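All values derive from a computational prediction rather than experimental measurement. Per chain, numbering begins at 1; letters A, B, ... match sequence-line order.
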Number of protein chains: 2
Amino acid sequence: MNQSNGALKDILRKEGLRYTNQRQSIWDEIRSNHDHRDAEDIYISIRNNGVNVSRATVYRTIDVLVKNRFVRKMDLGEGRFRYEPRLDDKHHDHMVCEETGDIIEYFNQELEDLQEKIANEFGYTVVRHVHQLFVKPLKK
Amino acid sequence: MNQSNGALKDILRKEGLRYTNQRQSIWDEIRSNHDHRDAEDIYISIRNNGVNVSRATVYRTIDVLVKNRFVRKMDLGEGRFRYEPRLDDKHHDHMVCEETGDIIEYFNQELEDLQEKIANEFGYTVVRHVHQLFVKPLKK
DNA sequence: TTCCTTATTGAGAATGAGTCTCACAGGTAA
DNA sequence: TTACCTGTGAGACTCATTCTCAATAAGGAA
Ligand SMILES: [Mn+2]
Ligand SMILES: [Mn+2]
Ligand SMILES: [Zn+2]
Ligand SMILES: [Zn+2]
């Protein structure tokens with residue numbers, strides 16, 4: 001599984017890459033919580049743990065992790081990407097509260113099916129999709 | 001209406017801004033077709049028409065047009081924004097063919113309703129949303 | 001019309017996320 | 001140990017977009 005500890009070595013081997021302390025630290029940091037953080041946040045957190053890595057290595061390693069589905073890269077239209085660990089690898093989409101900035105995860109099978117149906121109507125099949133709901137709290 | 005000719009003057013007046021040739025040229029260029037173009041494309045087209053405007057003015061004017069719903073700004077995750085005129089102002093979402101780059105517009109009321117329902121379940125109401133389907137042609 | 005005050009503009013500098021370069025460090029194999 | 005080769009850090013670079021500021025042009029007043 002993605003999430004187990006030794007799995008990083010496996011994908012690195014598969015990719016013909018070496019196992020290094022930096023790569024392990026970066027994956028450990030991303031795994032350490034379920035937030036949706038940007039590269040700079042991740043970089044700062046690693047450094048605050050006393051590990052010296054460069055931004056370049058953070059970006060390079062994230063690419064490997066994204067390619068191997070350990071990490072999901074998302075674009076909320078903020079001008080930079082955010083990343084989250086794919087610990088259980090269950091698909092979900094995001095709802096962003098415009099008042100608080102909270103990010104809520106949701107999954108709705110009907111929505112997933114509907115979008116495939118729409119694509120089919122145009123002669124296509126969905127490869128990937130972006131569903132983002134920018135919301136505000138209902139009046140009580 | 002947005003799309004009529006004199007409407008630009010109206011929104012500029014409302015915003016306390018002056019009516020200038022540059023602003024008119026930029027809106028005219030964006031209005032001239034229904035493509036989903038980036039700022040550089042728009043800038044180049046205006047210059048090819050023999051009108052001298054700066055990139056800064058293109059960006060500044062687009063902001064005003066977006067704010068006043070003359071133009072829709074979209075982020076397809078390409079690292080730059082694309083813009084389209086809101087000539088009839090009917091809402092639609094986009095499907096992007098990953099093989100050809102074609103952008104197909106679609107609208108599905110069921111989808112629109114469903115996402116509001118999902119937001120409600122979490123105690124929110126949808127302010128805006130992004131729905132993008134990245135697709136490939138069905139095998140024949 | 002001409003004048004006057006201010007908003008607007010153009011050119012290019014600045015910004016910021018992300019990528020690239022390259023000399024050096026560290027693993028690997030014989 | 002040597003020879004080789006990948007990975008890394010620091011900082012240069014890229015590219016879309018924003019900012020700065022001196023020069024220009026709206027547009028209201030007279
Ligand atoms: Mn998530
Ligand atoms: Mn469109
Ligand atoms: Zn989904
Ligand atoms: Zn929609």
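- Of all non-hydrogen atoms in Leu87(A) and Trp27(A), the two that sit nearest each other are CD2-CH2, 4.3 Å.
- Side-chain N/O atoms of Thr57(B) include one lying less than 4.0 angstrom from OP1 or OP2 on dG10(C).
- Glu116(B) and Tyr124(B) get closest at one heavy-atom pair: OE2-O, 4.4 Å.
- For the pair Lys9(B) and Tyr19(B), the cation-pi test (distance below 6.0 Å, angle within 45°) is passed.
- At the phosphate of dT9(C), neither OP1 nor OP2 sits under 4.0 Å from any side-chain N or O atom of Arg55(B).
- Taking atom CZ of residue Phe81(A) and atom P of nucleotide dG18(C), one finds them 7 Å apart after rounding to whole Å.
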Treat primed atoms plus P, OP1 and OP2 as sugar-phosphate and everything else as base, then score nucleotides 20-30 of chain C 5' to 3': B for base contact with protein heavy atoms under 4.0 Å, S for sugar-phosphate contact only, - for none. BB----B----

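- For Lys67(B), the salt bridge (charged side-chain N to carboxylate O under 4.0 Å, His left out) partners are Glu15(B), not counting sequence neighbours.
- In 5' to 3' order, the nucleotides of DNA chain D bounding all contacts with chain B (an atom under 4.0 Å from a heavy atom) are dA16(D) to dG27(D).
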Residue pair Arg60(B), Asp63(B): steps toward the salt bridge (Lys or Arg N to Asp or Glu O under 4.0 Å) verdict: CA-CA 5 Å; Arg60(B) 289 186 283 230; Asp63(B) 284 346; over 6 Å; no

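- Every side-chain contact (heavy atoms from CB on, under 4.5 Å) that Ile103(A) has, sequence neighbours left out, goes to His36(A), Leu76(A), Arg82(A), His94(A), Val96(A).
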Can you check side-chain hydrogen bond (donor to acceptor under 3.5 Å, both in side chains) on His92(B) and His131(B), steps first, answer last? CA-CA 9 Å; His92(B) 61 262; His131(B) 270 334; over 6 Å; no

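- Here the CG atom belonging to Asp75(B) is positioned 5.0 Å from the CZ atom belonging to Phe81(B), to the nearest 0.5 angstrom.
- At a threshold of 4.0 angstrom between heavy atoms, the contacts of Gly79(A) are confined to the sugar-phosphate backbone, with no base atom among them.
- A straight line from CG of Asp75(A) to P of dG18(C) spans 9 Å, rounded to a whole angstrom.
- Listed in residue order, the members of residues 38-53 of chain B having a heavy atom less than 4.0 Å from DNA chain D are Ala39(B).
- When the nearest nucleotides of DNA chain D are assigned to Leu17(B) and Arg82(B) by heavy-atom distance, the more 5′-ward of the two goes with Arg82(B).
- Counting to the nearest Å, the P atom of dG18(C) and the CZ atom of Arg80(B) are 16 Å from each other.
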One pair to check against salt bridge (Lys or Arg N to Asp or Glu O under 4.0 Å): Arg37(B) and Glu29(B). What are the steps and the verdict? CA-CA 11 Å; Arg37(B) 293 184 283 174; Glu29(B) 179 54 43; 2.7 Å; yes

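- For the salt bridge (charged side-chain N to carboxylate O under 4.0 Å, His left out) test, residues two or more places apart in sequence or in another chain that qualify with Glu98(A) are Arg128(B).
- Heavy-atom minimum distance, Ile62(B) versus Ile30(B): CG1-CD1, 4.0 Å.
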